[in-house]
Amino acid sequence: MKRRHFLGLLGAAGVTLGSGATAKAASLGDVKGLPNAGGVLFDASRCIGCRKCEAACNQVNDLPKPAKAFDDLTVLDATRRTDAKTYTIVNKYVPDAGKPPVFRKIQCNHCMEPACASACFVAAFKKSETGAVVYDPDVCVGCRYCMVACPFNIPAYEYDKAFTPRVMKCTMCQPRLLEGKLPGCVEACPKEALVFGKRRELLNLAWDRIGGNPGRYVEHVYGEREMGGTSWLTIAPKPSFAALGMDENLGTTSAPELTSGALAAVPAVAGIWPVLLTGLYAISKRKEKIAESEKQAAVSAAIAKASADAEAKLSEELAKAEVANKRRIEVEVKKALEAAAKAGEEGEDA
Amino acid sequence: MKNGKRRMRQLLAVLAICGIGGLSALPMGRATAAQPVSDKQRADIVTIDAMKAYGKLSQPTVAFLHDKHTTALGKQKDFYKKECGTCHLSDKDGVMQLGYMSQGKPVSGEKLRDNYHNNCISCHKDMAAAGQKTGPTDVQCKGCHNATPDVASNWQPLVVDKRLHYRHAATQEKADNKCGACHHIFSEKTGKTVPAPKPEEVPGSCSYCHGETTTVVENRQPKEIRSLRLAAHGECVTCHKAAAAAGKDVPTGPVTCAGCHGPLDQKAIAETSLKKVPQGADLRIKRGQPDYVMVRPAAVQTSMATPGKPYAGMPAVPFDHKYHEAKSETCVSCHHAALSSCSAKCHTPAGVKEGGFVTLEGAMHNVGATQSCAGCHAVAQKKPECAGCHDPMPKGIGGVDKCGSCHVPGDAALQEAMTSMMAKPASADTAAAEADLAKKLLAGKRDVTTTFPVEDIPQTVTIGSLSKDYEPSVLPHRQIVQAMLDGMKDSKLAGAFHATDAAVCQGCHHNSPASKTPPRCGNCHQAVETTTASARPALKAAYHNQCMGCHKAMGIEGKVVSKAPGAKPVPAATDCAGCHKEKKQ
Ligand code: SF4
Ligand code: SF4
Ligand code: SF4
């Protein structure tokens, strides 16, 4: 395929990102200061591991019934992770032998600048103004780059669906939020280990709890800055977040910043490169699955909305950045491929 | 080191005359020999890392097992000739150096390294040549420099508590200078430290002079003060050895690392103390301290007292010194730096350099410091029977309404006495009057925690306002109140601070006005959660946090606590039906 051809595709994708009325693209300029972005504060010191949140999530999202009932707490004896039918799980940790266990709820953290969205060139993932990172299965081509990109290992693939597999993850109950309701898990939690609110207010609340109980909490709000900040915030009792299986070394740079370099000016361009280099096969496969007309409609609609400006700027930026970023992008791609290979080996997604 | 030389000589003489083979044959070994010894958990690990001072280590540090070496040496035929001197040199006064083969003077890194390498290895070689079991003899570094030694330290600091002090005092009862055996002071006349002549002249705890490290100050007398570690090892171990050497049946203290610092041995020491100290013995360490005092600024501050006007500072705090002594293990628990009054020099109202600029207010109220009143009381609140209510409460001095618990104002007559007392600086002359005033002020304090008459305490409370998936929860209200009162029935501290009948109610009915009929929880906690984050939990979480939080903090979750026949366990947090039955759909 010729480079010009690629650029045409890129143009369409880039513009699609900016076209949603409520959706925001995953780049710096767009999400910084989403003033009303909501979020959830999880306080691990309050969580009792009752799994009511899991049950509520299952119910409000119409997910299939699990093998073991939600009131069976023996499930907690094994470490679990989220999958395509389970958007959230609670795991048990024993940081101090002989002391009571600590529980942690795990779900999509709804990053302020989501890696999943920056890796997705068709913008199937978008940061919404409610704070939720939402997914549109209709545009998803199933390349699964989002899964590789997510630093928290969250998106899961419906491997058992032959025809229209989707990437599944917690939606922060976006449909409920739009109705003014609380996320299912938050509403169900008997302990208010989960609090919904504006992210800014949650940060105040989190720091008040840390400051008001000297010695109880790790003096850090996980998600305040991790990966550029997440809408889901966590505070935990001492000794550490690592004791609850959380990566303490993620850094404060968001995924788009990490991968974009000079291309930051163009929404989500960075994520396109890996897709271009390795994702075409997947795209063509998906093409067979989705009705040809549907795709045509989507693309032409997108192109219709495209401004000449955006396209010109894009090509210009690409030309400028090409040399400088080639090396860097190669490294990123290699990393992504390795991670994908590793994930495959470990059968994590199965 | 006043007695060291004499003791060492005495010890060596005795050893030489009797030909006692070594440590293991000495009677002081007995106390520790009875303890099961785990070879992996040890209190005698001396980490040899002195080379750190000379830069990055090229080899892992050495985990040296001190007790293992003394025991092995004790079995040596000619050990008595050198004893500790096998590894430790003594200075010209006969004071033993605690460092290995060290003169106590700084040496170069190379010298230090050679000191260890040559001496350790050659000793091992000599022993191996004599056909004895011994340590590494080769030049393979990892024989000693093992980054992952298979031993772990269970070393515990040793505290000379009141009972142990009593035992030591008892053994010295007949000595001409009973306190002076351990406590010394500096004599200007001789220019040396001499045994403290009289109880009143004992400067107090060793830690007042002997700090974490050895301190040398040129224009101080004495110039050099050994670190607490050196002083304690030099004095205690030497004395124990000398006493043991003096006669086979003289009971004496440990000389091994584990003997003082091993957890099992410490337990044995505590148990022996319990047995050896007669029931009802007066454990009070007498240093001329008063029974009652007024805690107050030492000097009258002009801003606080204007002649002819009433005292304008906080009312002084009446303090039952004798009672608090009985509750603490050592004087150092409170008097961390000196035995004198806190406010005399260090903690003035404004703070001075001597007290690290910690003001009198800070010294008494800092919750982070266990020596302060509020800090020590906060530690007491961690006891399970207290933690249920106190764990979620802010620690230390909360609202100003709490001030009166300690700053007892007293009636008009006592207030007048206080005002005239505060017009004079605290001194030996005012002590008696102050003690008298403190006693009178404290006379009105509660000794035990009480609350409303039992018939005024609802038997059960039905919590049903949220009832949806579950039946209402029936709370055994009176039983809970009584269990709480049982938990603090012997605590004078609790009595003094739960000053009103409604005080114990505040554990659950927090933030509400203290009353026999506190408002319902739903008055403050809304029934429905909203999408606005709030520090105040909604009703469902308010109930759950309060009930489960208390059960967890008290450690009673899932346990049977009631002594009534057929009593059920306190429901575990995840046992929903334990508190409210599930509704039949
Ligand atoms: S946690 Fe993962 S899936 Fe969720 S928004 Fe962040 S990057 Fe995307
Ligand atoms: S699978 Fe590919 S196209 Fe679908 S959401 Fe993930 S990154 Fe986007
Ligand atoms: S419902 Fe709340 S308390 Fe229960 S497991 Fe989930 S987060 Fe923890």
Side-chain angles (χ1 to χ4, degrees), chain A residues 36 38-41 43 45-52 55-56 70-74 76 90 92 99-101 103 130-131 173 176-183 186-209 211-216 233, chain B residues 366-369 374-375 378-379 381-382 384 387 390-396 398 466 468-470 473 525-549 551-559 571-580 582:
Chain A
N36 291 317
V40 177
L41 171 66
D43 184 340
S45 77
R46 293 194 179 192
C47 178
I48 52 172
C50 64
R51 303 185 70 209
K52 297 270 180 221
F70 286 109
D71 55 8
D72 182 351
L73 300 181
T74 59
L76 294 165
V90 176
K92 179 165 90 178
K99 291 233 181 89
F103 302 91
T130 56
C173 285
R176 288 172 60 91
L177 290 183
L178 295 176
E179 286 172 42
K181 288 190 197 152
L182 283 167
V186 176
E187 191 180 84
C189 179
K191 290 269 286 161
E192 257 174 52
L194 299 161
V195 182
F196 181 87
K198 300 227 167 74
R199 187 173 183 270
R200 288 166 188 191
E201 292 166 0
L202 293 176
L203 280 170
N204 286 342
L205 191 58
W207 280 112
D208 281 352
R209 278 195 205 166
N213 295 280
R216 177 168 302 178
L233 304 165
Chain B
N366 181 358
V367 263
V379 172
Q381 289 172 344
K382 288 198 175 130
H390 287 283
D391 190 48
M393 288 186 191
K395 304 289 167 291
L466 291 175
K468 195 173 86 200
D469 299 333
Y470 295 91
S473 172
H525 298 279
Q526 67 205 9
V528 187
E529 297 91 350
T530 67
T531 52
T532 314
S534 160
R536 190 191 303 168
L539 194 52
K540 179 175 70 177
Y543 283 130
H544 286 136
N545 280 342
Q546 201 78 341
C547 300
M548 294 173 190
H551 294 169
K552 187 174 163 197
M554 294 182 79
I556 56 173
E557 189 187 326
K559 293 191 185 135
T574 48
D575 173 16
C576 309
C579 289
H580 26 52
E582 211 151 338

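Throughout, a chain's letter reflects where its sequence line sits, starting with A, and its residues are numbered from 1.
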Quiz item: With sequence neighbours left out, what residues match B/K382 under salt bridge (charged side-chain N to carboxylate O under 4.0 Å, His left out)?
Solution: none
Exercise. Could you pull out all residues at least two apart from A/R199 that satisfy salt bridge (charged side-chain N to carboxylate O under 4.0 Å, His left out)?
Key: none
Practice problem: Please work out which of the three classes, parallel, tilted or perpendicular, describes the rings of B/H580 and B/Y470, given edges at 30° and 60°. | Solution: tilted
Quiz item: Are side-chain heavy atoms of A/C50 and A/P190 found at a separation under 4.5 Å?
Solution: yes
Exercise. Check A/L76, A/D71, A/L73 against B/T574 for a side-chain contact (heavy atoms from CB on, under 4.5 Å) and give me the one that passes.
Key: A/L73
Quiz item: Using a cut-off of under 4.5 Å for heavy-atom pairs, which of A/R209, A/R216, A/K181, A/E187 has the most such pairs with chain B?
Solution: A/R216
Self-check item: Contact winner vs chain B - A/D208, A/V186, A/L205, heavy-atom pairs under 4.5 Å
Solution: A/L205
Quiz item: Looking at B/E529 and B/K540, does any basic side-chain N land under 4.0 Å from a carboxylate oxygen?
Solution: yes
Residue [X] versus chain A: region with a heavy atom under 4.5 Å:
{"X": "B/D391", "answer": "both"}
{"X": "B/A538", "answer": "both"}
{"X": "B/P394", "answer": "neither"}
{"X": "B/K395", "answer": "neither"}

Practice problem: Pick whichever of B/V367, B/N545, B/T530 has the most heavy-atom pairs under 4.5 Å with chain A. | Solution: B/N545
